[in-house]
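Report on the following structure.
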There are 2 protein chains.
Amino acid sequence: MESRCENCIVRQFNSLRAMNKEELKKVSDSKVHKKIKKGEALFEEGEKLDGIFCVRDGVSKLSKLSANGKDQIVKLASKGEVIGQRSVIAEESTNLSAVAVNDMEVCFIPKEIITNTLNTNPNFAVEVLRHMAHDLKEADDVIVNMSQKTVKQRMAEAFLYLKNNYGETADGFLTLTLSREDYANVVGTATESCIRIISEFKKKGFIKTSGKQIGVADEKQLQDLIDGF
Amino acid sequence: MESRCENCIVRQFNSLRAMNKEELKKVSDSKVHKKIKKGEALFEEGEKLDGIFCVRDGVSKLSKLSANGKDQIVKLASKGEVIGQRSVIAEESTNLSAVAVNDMEVCFIPKEIITNTLNTNPNFAVEVLRHMAHDLKEADDVIVNMSQKTVKQRMAEAFLYLKNNYGETADGFLTLTLSREDYANVVGTATESCIRIISEFKKKGFIKTSGKQIGVADEKQLQDLIDGF
DNA sequence: TACAAAATATGATAATTATCAGGTTTTGCC
DNA sequence: GGCAAAACCTGATAATTATCATATTTTGTA
């Protein structure tokens with residue numbers, strides 16, 4: 001019926017590849033395959049997780065609600081990425097909510113297998129550590145961007161990021177379609193400001209739009225804007 | 001002569017406590033004790049580190065230079081904390097500079113010992129992982145603060161953070177004294193704006209100042225401001 | 001299809017924050 | 001002690017961004 005982790009391609013991209021045969025077998029036997037519809041939550045901020053999620057398909061936004069009622073999207077997680085490992089490792093409630101940006105397929109893996117493997121297989125632990133180190137670096141970069149770049153620059157970065165990480169369709173639109181509000185929450189600005197900048201970029205020919213869809217029209221100009229020219 | 005890691009109190013606060021006797025002995029034999037004067041750098045952004053630093057005394061600011069020439073302070077590391085492990089683990093150049101905020105004493109530990117221990121002692125790996133998970137959560141919180149809170153709110157948070165984490169002197173000033181520019185770089189604002197807010201807070205009786213020194217005068221009002229009242 | 005709700009869009013205005021320009025005070029050092 | 005450099009401070013102004021108000025378009029669904 002369901003495919004086995006041992007044969008799963010997705011695993012090659014994340015720390016699960018450092019597991020040995022037996023460990024993978026255990027994971028495979030206890031994992032639960034789930035379909036999450038667009039807009040549904042994998043988990044909400046503050047929940048205790050009893051496992052992690054391995055993304056097989058689709059994209060999830062990881063966000064945190066601030067006191068003023070706005071969501072800040074801290075990270076987008078897509079195929080091959082693992083969600084929830086931070087709070088499982090720290091044995092804390094999650095500090096972020098995970099909501100599906102489009103329809104998703106994920107495998108839920110109970111935390112016992114993860115913690116057991118961490119405690120016995122150093123290769124796995126180091127692999128997880130490497131991924132976490134990478135995430136931490138990215139978070140540092142986001143902090144600097146937030147504080148030192150203008151909203152326009154961050155919007156431009158967001159478009160290039162989505163192009164480079166999720167690609168574009170045959171007709172040149174970004175494969176991953178976000179709502180204007182999601183863009184605003186990634187960039188950390190008001191939805192109206194976000195929409196205004198999209199209009200401006202379109203007028204200037206930096207991007208093109210068609211309904212919700214957005215495409216990069218002039219990568220160099222966007223890059224120049226990011227670099228402060 | 002120099003004290004041995006086995007007896008070092010500082011170690012109790014960081015992941016080195018998960019090392020066993022032999023491992024600690026190796027660390028102790030190869031570590032190098034260093035004194036860093038205020039303003040000197042432990043390392044600069046982009047350097048390859050061949051070891052990590054365990055802070056015995058003093059405080060270091062970890063910052064990243066942005067394109068516009070401003071430094072963003074991402075984290076302050078003090079007694080008991082380990083600096084540089086992220087880039088050693090990821091086997092990358094550092095993404096941050098580390099500069100002493102006051103006179104420091106640190107122990108430099110060659111990376112081979114760290115990576116060897118990571119690969120052989122799962123307890124150590126998991127302990128490092130826990131610390132990294134904690135750092136990542138803090139970084140997420142900073143991201144949200146940066147994007148959702150005003151400069152005033154972030155300034156207020158900075159004062160309370162310093163009070164709670166570094167304490168205050170007998171006469172009620174913050175133990176850790178930062179320059180106005182450093183405050184600005186923590187909070188992510190222009191130095192002038194930072195100074196202006198300090199004046200305002202002083203006028204309103206939220207804080208008191210004496211030269212460079214700053215003290216929390218009305219914790220509740222600062223907290224109310226942070227909470228948006 | 002029709003209709004309500006949600007998302008997108010735009011204008012007017014206010015609030016926040018940065019920048020520039022000039023001061024004063026403090027600090028480090030000869 | 002004296003002097004230059006650095007840090008601190010304040011005012012005036014400009015730029016950026018948020019907020020509020022109000023259309024318009026799209027979407028989901030009865």
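Labels below follow one simple rule: chain letters A, B, ... track the order of the sequence lines, proteins then strands, and each chain is numbered from 1. Computed from a predicted structure; not experimentally measured.
Comparing dA21(D), dA7(D), dT17(D) by their closest approach to the side chain of Lys212(B) singles out dA7(D). Closest to the side chain of Ile195(B), from the set dT19(D), dC8(D), dT19(C), is dC8(D). Here the side chain of Arg196(B) is nearest to one of dG11(D), dT17(D), dA7(D), namely dG11(D).
Put simply, CD on Glu200(B) is 15 Å from P on dA15(C), counting in whole angstrom units. Atom-to-atom, CD1 of Ile198(B) to C1' of dC9(D) comes out at 11 Å; the value is rounded to the nearest Å. Counting to the nearest Å, the P atom of dA15(D) and the CD atom of Gln153(A) are 16 Å from each other. Taking atom CG of residue Asp182(A) and atom C1' of nucleotide dT8(C), one finds them 14 Å apart after rounding to whole Å. The CD-P distance, from Glu181(B) to dT26(C), rounds to 19 Å in whole Å. For the pair Lys203(A) NZ and dA9(C) P, the interatomic distance rounds to 12 Å; values are reported in whole Å. dT16(C) atom C1' lies 16 Å from atom CE of Met146(B), rounded to whole Å. Taking atom CZ of residue Phe201(A) and atom P of nucleotide dT10(C), one finds them 15 Å apart after rounding to whole Å.
Within the nucleic acid shown, Thr189(A) comes within 4.0 Å of sugar-phosphate atoms alone, with no base atom in reach, counting heavy atoms only. Using a 4.0 Å heavy-atom criterion, one finds that Thr191(B) contacts no nucleic acid atom at all. Residue contacts for Lys202(B): at a heavy-atom cut-off of 4.0 Å it reaches no nucleic acid atom on any strand shown. At the heavy-atom level, Ser179(B) lies under 4.0 Å from the strands shown only through sugar-phosphate atoms.
The main-chain N or O of Ala184(B) is never found under 3.5 Å from a side-chain atom of Thr191(B) such that the two would form a donor-acceptor pair. In this structure, Asp103(B) contributes its side chain and Lys38(B) its backbone to a donor-acceptor pair below 3.5 Å.
When each of Gly211(A) and Thr150(A) is assigned the nucleotide of DNA chain D with its nearest heavy atom, Thr150(A) is the one assigned upstream, toward the 5' end. If you find the closest nucleotide of DNA chain C to Val151(B) and to Glu192(A), the one lying nearer the 5' end belongs to Glu192(A).
On a pure distance criterion of 3.5 Å, no polar donor-acceptor pair joins the side chain of Arg180(B) and the base of dT25(C).
Under 4.0 angstrom from either OP1 or OP2 of dT10(D) there lies at least one side-chain N or O belonging to Ser199(B). Proximity of Lys38(B) to the phosphate of dT27(C): no side-chain N or O atom is located under 4.0 Å from OP1 or OP2. Between Lys149(B) and dA18(D) there is no side-chain polar atom (N or O) within less than 4.0 angstrom of OP1 or OP2.
Between Phe159(A) and Tyr183(A), the distance from one ring center to the other falls under 6.0 angstrom.
No hydrogens or angles considered: a donor-acceptor pair under 3.5 Å links the side chains of Asn145(B) and Glu157(B). Residues Lys202(A) and Thr209(A) have side chains that bring a donor and an acceptor to within less than 3.5 angstrom of each other.
Partner Glu200(B) forms a salt bridge (Lys or Arg N to Asp or Glu O under 4.0 Å) with one of Lys203(B), Lys204(B), Arg196(B) and no other, that one being Lys204(B).
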